[in-house]
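Just so it is clear: chains get the letters A, B, ... in the order the sequence lines come, proteins before strands, and each one is counted from 1.
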2 protein chains.
Amino acid sequence: MQAPPISVNDIICTIRDSGHRVTNGKRAVADILHNSSAHLTVEELVLAVRKIEPDINQSTIYRILEEFEELGLVVHSHLGASAAVYHLAGQSHAHLVCDRCGSTQEVPASRFDLIARELLEEFSFTLDRHHVALSGLCAHCRENVEKK
Amino acid sequence: MQAPPISVNDIICTIRDSGHRVTNGKRAVADILHNSSAHLTVEELVLAVRKIEPDINQSTIYRILEEFEELGLVVHSHLGASAAVYHLAGQSHAHLVCDRCGSTQEVPASRFDLIARELLEEFSFTLDRHHVALSGLCAHCRENVEKK
DNA sequence: TTGCCTGCAAATCCTTTGCACTTTT
DNA sequence: AAAAGTGCAAAGGATTTGCAGGCAA
């Protein structure tokens, strides 16, 4: 059920095949996302990309990410914090976000196969398992709450 | 598993008990949220509250909602659209948000009891079932995608 | 009276957009 | 050369904040 890992080359080919153009900026974004298992904010992405392409502009990053999302290469989530985070679609996982401390854990997307099937059958809703973000309390914050 | 319904009076008492003050603005916000099963944006809430308290300011609404959330009376979700939506915690349900058309369906929170238990056991994560928002495709948009 | 609450306006943060210029194809 | 991509700056929307005055306790 897990999508196969996507190489930087796969990304480049997908861009070209879709009729879009391959630029240094896109190569750099693909590179960063591929070499980072984390979920990055646009700001973090900009800083990272500038180590490769120093003159890249933030709005260009936004536009590249928009294109990558349309191509299904990238997904983003709102993890409670204000800014959205992005990562490659191949690294398919859900986020568990702690309401208190903001920490996040990742859960394999396959864990949502069952509920995805239920939602499809009962609500005709096709869950995007690349894009699940669940709120709650992490173990640590849970303890602190209970001590009160 | 469903939280008991919260009356406007319960809300007022919770505010007072917590040491916060009860104001007309808070009463109005409690009233609107209680009488609306929908999930409201701050803007919608402002318009609704102004029918009761014409001079209320938007930033006051934000501050009231912040307080209500801290007290556990209210929860908000980011339903993909830009603005967050708020509703009473007692009206416990998850949102299914269509990525294409933005439509939302509600699902009883109890549907997430099983996965909540799994997440707790395997990841020590306490899911907040009041705050689940899942992305995907609604039946209608699903059809359109397949026709392509 | 005390100090929490509010209105107002300005600030901030994240994201989008218009336009002229530069690349990719 | 044509079209897509980019930098820059400005606009946009959502949310937060500082401060002076107003109101609940």
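Of the candidates C/dT23, C/dT15, D/dA24, D/dA24 carries the atom nearest the B/Arg21 side chain, counting heavy atoms from C-beta on.
Scanning residues 58-66 of chain A for heavy-atom distances under 4.0 Å to DNA chain D yields A/Ser59, A/Thr60, A/Arg63, A/Ile64. Residues of residues 42-54 of chain A having a heavy atom closer than 4.0 Å to DNA chain C: none are found.
Spacing between atom CG of B/Asp17 and atom P of D/dA25 amounts to 12 Å, rounded to whole angstrom units. In this structure, A/Glu70 atom CD and C/dT16 atom P are separated by 11 Å, rounded to whole Å. Rounding to whole angstrom units, CG of residue B/Asn57 and C1' of C/dG7 are separated by 5 Å.
At a cut-off of 3.5 Å, with distance as the only test, no side-chain donor of A/Asp17 or A/Thr14 sits close to an acceptor on the other residue.
Residues A/Arg21 and A/Lys26 approach most closely at O-NZ, 2.8 Å, considering heavy atoms. Summarising the geometry of A/Leu71 relative to A/Ser18, their closest heavy-atom pair is CD2-CB, 3.5 Å, with the distance given to 0.1 Å.
An angle of 40°, rounded to 10°, separates the two end axes of the helix from C/dT1-D/dA25 to C/dT25-D/dA1, each defined over five pairs.
Counting non-hydrogen atoms of other residues, nucleotides and ligands closer than 6.0 Å to CD of A/Glu43 gives a total of 12 or fewer.
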Evaluation steps, side chain to side chain contact (heavy atoms under 4.5 Å, CB included), between B/Leu119 and A/Leu96: CA-CA 9 Å; B/Leu119 294 176; A/Leu96 304 181; 4.0 Å; yes
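Between A/His87 and A/His95, the distance from one ring center to the other falls under 6.0 angstrom.
Interatomic distance, A/Thr23 OG1 to A/Ile15 CD1, rounded to the nearest 0.5 Å: 7.5 Å.
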